[in-house]
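A short write-up of the structure that comes next.
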Amino acid sequence: AIERTLSIVKPDAVGKNHIGDIYARFEKGGLKIVAAKMKQLSKADAEGFYAEHKERGFFGDLVAFMTSGPVLVSVLEGENAVLAHRDILGATNPKEAAPGTIRADFATSIDENAAHGSDSVESANREIAYFFTADEVTTRTR
Ligand code: CMP
């Protein structure tokens, strides 16, 4: 089925000028960019986005990292987009990420892992709505 998923190019990858490399992999992988915005997340933005992790030991470091510089938030659309996007990203921990994946090539650690992707269609719906209004998500007919 055609799905939508939320993608975040994280502050480490933005800082290393890897936005274009990462977008190229999404587009070559058949995913269409249907919405995008550059954003400096506030502490409240990051805490709300990652609320499901608030009891985890890494939560404070995660929020500090995600607010350390601008991120590029996008909505990607395509066949099985949630899984297709996660395959292109590779494992959360770059040490476990398959060769040729974004995390293997651009991430340095599990904390600074270059990009985020929604883990299910349900998460994607919540995460897309967290950053985009309905009218900010475009319809691609070509
Ligand atoms: P992300 O997909 O953005 O979702 C939560 C983030 O927390 C994750 O990527 C990692 O960058 C970070 N993180 C740090 N430590 C861990 C951990 N032990 N397990 C999962 N995520 C972690």
Side-chain angles (χ1 to χ4, degrees), residues 1-140:
I2 300 291
E3 296 171 352
R4 288 176 175 171
T5 189
L6 187 86
S7 169
I8 304 179
V9 181
K10 295 188 179 184
D12 57 330
V14 172
K16 292 175 190 162
N17 275 0
H18 286 317
I19 290 172
D21 297 318
I22 290 171
Y23 264 24
R25 291 178 185 211
F26 295 159
E27 292 193 305
K28 285 180 184 137
L31 296 170
K32 292 182 173 177
I33 298 155
V34 296
K37 66 173 78 165
M38 198 89 188
K39 194 171 166 70
Q40 170 63 55
L41 299 185
S42 67
K43 190 162 180 274
D45 289 333
E47 287 174 346
F49 182 74
Y50 283 121
E52 68 185 294
H53 295 306
K54 65 175 181 291
E55 307 303 334
R56 307 286 297 270
F58 58 81
F59 186 68
D61 287 345
L62 175 60
V63 169
F65 166 61
M66 290 299 291
T67 58
S68 67
V71 295
L72 184 64
V73 190
S74 311
V75 179
L76 308 178
E77 185 177 88
E79 188 64 31
N80 292 320
V82 171
L83 251 170
H85 181 214
R86 291 176 72 80
D87 284 347
I88 294 166
L89 294 181
T92 303
N93 186 344
K95 291 178 175 60
E96 295 162 8
T101 61
I102 286 170
R103 264 90 169 241
D105 290 345
F106 303 126
T108 51
S109 69
I110 193 168
D111 296 294
E112 304 212 353
N113 68 345
H116 166 83
S118 307
D119 64 7
S120 66
V121 170
E122 293 68 36
S123 300
N125 289 339
R126 180 188 72 79
E127 293 179 359
I128 291 167
Y130 192 80
F131 285 114
F132 294 96
T133 60
D135 70 288
E136 288 177 320
V137 182
T138 62
T139 301
R140 292 274 302 260

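What you see is a predicted model; the values in this text were computed from it and never measured. Whatever order the structure lists ligands and atoms in, that order sets their numbers, starting from 1.
Formation of a donor-acceptor pair under 3.5 Å by the T138 side chain with backbone atoms of V34 is found in this model. Under a 3.5 Å cut-off, the side chain of D87 and the backbone N or O of A84 do not form any donor-acceptor pair. Counting only distance, with no hydrogens or angles, the side chain of S118 and the backbone of L6 share a donor-acceptor pair below 3.5 Å. A side-chain donor-acceptor contact under 3.5 Å links R140 to the backbone of I33. Remark: side-chain polar atoms of E77 are not paired, donor with acceptor, to backbone N or O of K32 under 3.5 angstrom.
Protein heavy atom in closest approach to atom 14 (C) of ligand 1: D111 OD1, 3.4 Å. Scanning all protein heavy atoms for the shortest distance to atom 21 (N) of ligand 1 gives F58 CZ, 3.7 Å. Nearest protein heavy-atom neighbour of atom 2 (O) of ligand 1: H116 ND1, 3.0 Å. The nearest protein atom to atom 4 (O) of ligand 1, hydrogens excluded, is given as Y50 CE2, 3.5 Å; this is a heavy-atom distance.
By the 6.0 Å and 45° rule, K37 stacks over the aromatic ring of F132.
Of all the atoms in ligand 1, the ones that sit under 4.0 Å from a non-hydrogen atom of N113 are 9 (O), 10 (C), 11 (O). Per-residue contacts place K10 under 4.0 angstrom from the following atoms of ligand 1 (heavy atoms of the residue considered): 1 (P), 3 (O), 9 (O), 11 (O).
Taking CG of N113 as the reference point, atom CZ of R103 lies at 4.5 Å (rounded to 0.5 Å).
Residue contacts with ligand 1, taken as heavy atom pairs separated by less than 4.0 Å, do not involve E112 at all. For D61, no heavy-atom contact with ligand 1 is shorter than 4.0 Å. Within the 4.0 Å heavy-atom criterion, the part of L62 lying near ligand 1 is the side chain and not the backbone. Heavy atoms of I110 found under 4.0 angstrom from ligand 1 belong to the backbone as well as the side chain.
Listed here is the closest heavy atom pair of A13 and A114: CB-O, 3.5 Å.
Screening V82, L31, V75, L83 against T5 for a side-chain contact (heavy atoms from CB on, under 4.5 Å) leaves a single residue, V82.
Not a single heavy atom of M66 sits less than 4.0 Å from an atom of ligand 1. Residue contacts with ligand 1 leave out F65, since none of its heavy atoms falls under 4.0 Å from the ligand.
The distance criterion of under 3.5 Å between nitrogen or oxygen atoms is not met by T92 with respect to ligand 1.
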